[in-house]
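The next block holds one structure in the form of structure tokens; read it before the comments.
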Amino acid sequence: MIGVFDSGVGGLASARVLRSRLKAENIIYLADRKNAPYGTKSKEELISLVSNDILRLKNYGCRICLIACCTASSVYEHLDNELKKISLPIIEPAALLASRGRKIAVIATEHTVESSIFKQKIAYFSKAEVAQICAQELVSLVESGEHDGNLTEKGYKTVFNVSQKIKSANPDTLVLGCTHFSHLEKTLSALLPRVKIVNSAKEGAIALLSEIQAEKMERGVCLYTE
Ligand code: DGL
């Protein structure tokens, strides 16, 4: 069984990718709504919440957990080794893909922006310029049920305002550095037609699929199809 978790509905975007590709696996999704939002929590609070999430999924029988939340993934290095072994963070896959750009904007939660984790990871791969933009307000928007194709006038204005901040950084690449923002990808893409969008939820899921593929190949079986 595979576990996927987030503070709310954001990580469902990762779970959907996994569901469509892993026909023979059971997937369990944990939304820690009781403690949401994660983006306004301190590093210490996040370490404790993320550790509990992984342990809960392990107790449900998961052998591996996708941390389908960039905020939660930002504290991965601070987790116990045993928890690290059975979980996969999602920052690096998105940072790697984004690093092909020259001017990158990252929209993320308060905590993720403060941690500068995307900036650090992108710097590992390239010398691209990185602008970080906090868009915590989009988390509550998505949690309230609004998403692409379902935005109220007020909701659209909120996304539009974030797009204006992104525009002023003049990026060629935009990282959706919070999985909740995957649910607004089409709207952001229409507002920023010349910007390549990197979706952290999707890239994280693809990274987990590669891990599973490698694991199966070691055992000489292939359980998911292209
Ligand atoms: N979906 C989460 C992320 O990727 C965070 C949302 C929250 O603030 O709870 O960062």
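Note that this is a predicted model, so its numbers are computed, not measured. Counting starts at 1 for both ligands and their atoms, following the listed order.
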Would you say the side-chain atoms of D32 and S7 include a donor-acceptor pair closer than 3.5 Å? no

Any atoms of ligand 1 less than 4.0 Å from a non-hydrogen atom of Y38? List them with their elements. 7 (C), 8 (O), 9 (O)

What distance do F160 atom CZ and L151 atom CG have between them, rounded to the nearest 0.5 Å? 13.5 Å

Which of the atoms in ligand 1, numbered in the order shown and given with their element, are less than 4.0 Å from a heavy-atom of C70? 3 (C), 4 (O), 10 (O)

Taking atom OG of S182 and atom CG of L184, what is their separation to the nearest 0.5 Å? 8.5 Å

So, using salt bridge (Lys or Arg N to Asp or Glu O under 4.0 Å) as the criterion, who are the partners of E143 when residues are at least two apart? R33

Please write down residue, atom name and distance for the protein heavy atom closest to atom 8 (O) of ligand 1. G39 N, 2.8 Å

T109: numbered ligand 1 atoms lying under 4.0 Å from its heavy atoms: 5 (C), 8 (O), 10 (O)

Check ligand 1 against D6 and write out every atom of the ligand that is under 4.0 Å from a heavy-atom position of the residue. 1 (N), 2 (C)

Does this structure show an ion pair linking E25 with R19, if we count only N-O contacts that are shorter than 4.0 Å? no

Heavy-atom distances under 4.0 Å decide this one: backbone, side chain, both or neither, for V139 against ligand 1? side chain

Measure T71 to ligand 1 on non-hydrogen atoms and call it side chain, backbone, both or neither using the 4.0 Å cut-off. both

Where the closest heavy atom to atom 6 (C) of ligand 1 is concerned, which of S7, G11, S200, G177 has it? S7

Strictly under 4.0 Å, does any heavy atom of Q136 approach an atom of ligand 1? yes

Quick one: salt bridge (Lys or Arg N to Asp or Glu O under 4.0 Å) partners of E82, sequence neighbours excluded? K85

Is there at least one pair of N or O atoms, one from C69 and one from ligand 1, spaced under 3.5 Å apart? no

Nearest heavy-atom neighbours spanning V142 and H180: CG2-O, 3.5 Å

Atom 1 (N) of ligand 1: closest protein heavy atom, distance to 0.1 Å, is H180 ND1, 2.7 Å

Side chain to side chain contact (heavy atoms under 4.5 Å, CB included) test vs P171 passes for just one of I104, V130, I166, I133, namely I166

